[in-house]
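Here is the structure we will look at.
If you read the sequence from its start, that first residue is 1, and numbering goes on from there.
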Amino acid sequence: MHPVTPPLTAGQPKRKRAIILDRDGTIVRDRNYLDDPRLLQFLPGAAAALRQFSERGHPIIVVTNQSGVGRGLLTLERMHEINQRFVRMVEEIGATVDRLYSCPHKPEDDCECRKPKTKLVLEGAAAVGFDPAHSVVIGDKSSDIALGRNLQAVTMLVTNDGHAGDAGRVEPDYVIRDLLEAVRIVVNLETAAPDCGAAGPRG
């Protein structure tokens, strides 16, 4: 567990749904074991979506599996550099990441922090103050959708870069083109049923 914890927004704990996001392939382009912070690049619509989520008062939690560290493809220090650069990029576009967590382990390590296990989200929920079941999990991988299922949250599979991820048999509540579409759905969820948990059409 290696959290990056930017300052929280002043005021009372936010009541709107937390937005739990994957990083690579969801917010920034997937570089396949990214090892250079200079290669971080927002996907189309991602910057605007992050800004809108922040403006609407949604906590933003980023949880990313970074097994490249465990595989020896990049160092733990470089992973921290990439995460710090990512947080700065988000701040530069006028948004806020409330918490960012990375799991550096390989799948076979059977750690507690690798998605789809919920440990890192639960830590973020305790730190920021939100109900994990009253949240939205967005990612491009089956592990993201399974994470959302484990939390009993709304799940969205994003198809950025023209691919549909590897959701496989883990069916999301929504399949979306990009994070801007996610914003529109979340706004509708908040308007239609602000006090409800996961609900909505699948596919």
Taking the side chain as every heavy atom from C-beta outward, state whether [X] and [Y] have any pair of such atoms under 4.5 Å apart.
X    : Y    : answer
Y101 : V121 : no
H134 : K16  : no
R17  : L189 : yes
L21  : I61  : no
H58  : V136 : no
T159 : I176 : no
L151 : I20  : yes
V90  : F42  : yes

Nearest 0.5 Å, what's the [atom1]-[atom2] distance between [X] and [Y]?
X    : Y    : atom1 : atom2 : result
S54  : I93  : OG    : CD1   : 7.0 Å
L74  : M79  : CG    : CE    : 8.0 Å
L34  : L40  : CG    : CG    : 5.0 Å
F130 : S135 : CZ    : OG    : 6.0 Å
Q66  : C103 : CD    : SG    : 9.0 Å
R114 : S102 : CZ    : OG    : 12.0 Å

Give the minimum heavy-atom separation between [X] and [Y], together with the two atoms involved.
X    : Y    : result
R23  : N83  : NH1-OD1, 2.9 Å
I138 : I19  : CD1-CG2, 4.0 Å
T26  : G139 : OG1-CA, 3.3 Å
P132 : L122 : CG-CD2, 3.8 Å
V158 : G25  : CG1-O, 3.9 Å
A48  : L180 : CB-CD2, 4.0 Å

Within the distance-only criterion (no hydrogens, no angle test), does the side chain of D24 pair as donor or acceptor with the backbone N or O of R29 below 3.5 angstrom?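 Checked: no pair found.
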
Closer than 3.5 angstrom, by distance alone: can the side chain of E181 be matched with the main-chain N or O of R177 as a donor-acceptor pair? yes

Test side chain to side chain contact (heavy atoms under 4.5 Å, CB included) on V186 and M156; report intermediate values, then the result. CA-CA 10 Å; V186 170; M156 299 187 189; 4.0 Å; yes

Assess the residue pair T96 and I60 against the criterion (side chain to side chain contact (heavy atoms under 4.5 Å, CB included)); give the C-alpha distance rounded to whole Å, side-chain angles, the decisive distance to 0.1 Å, and a yes or no. CA-CA 7 Å; T96 299; I60 296 175; over 6 Å; no

Lys/Arg-Asp/Glu bridge criterion (N-O < 4.0 Å) met for [X], [Y]:
X    : Y    : value
R149 : D144 : no
E81  : R78  : yes
K117 : E112 : yes
K106 : D109 : yes
R71  : E108 : no

Pair S67, H105 - check side chain to side chain contact (heavy atoms under 4.5 Å, CB included), show working. CA-CA 5 Å; S67 68; H105 304 111; over 6 Å; no

Verify side chain to side chain contact (heavy atoms under 4.5 Å, CB included) between T155 and Y174, making sure each step is shown before the conclusion. CA-CA 6 Å; T155 57; Y174 298 90; over 6 Å; no

Keeping to residues at least two apart or across chains, list the salt bridge (Lys or Arg N to Asp or Glu O under 4.0 Å) pairs with something in residues 36-60.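 Listed once each, the pairs are D36-R38.
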
side-chain hydrogen bond (donor to acceptor under 3.5 Å, both in side chains) with K115: of N65, T64, D22, only one passes, and it is D22

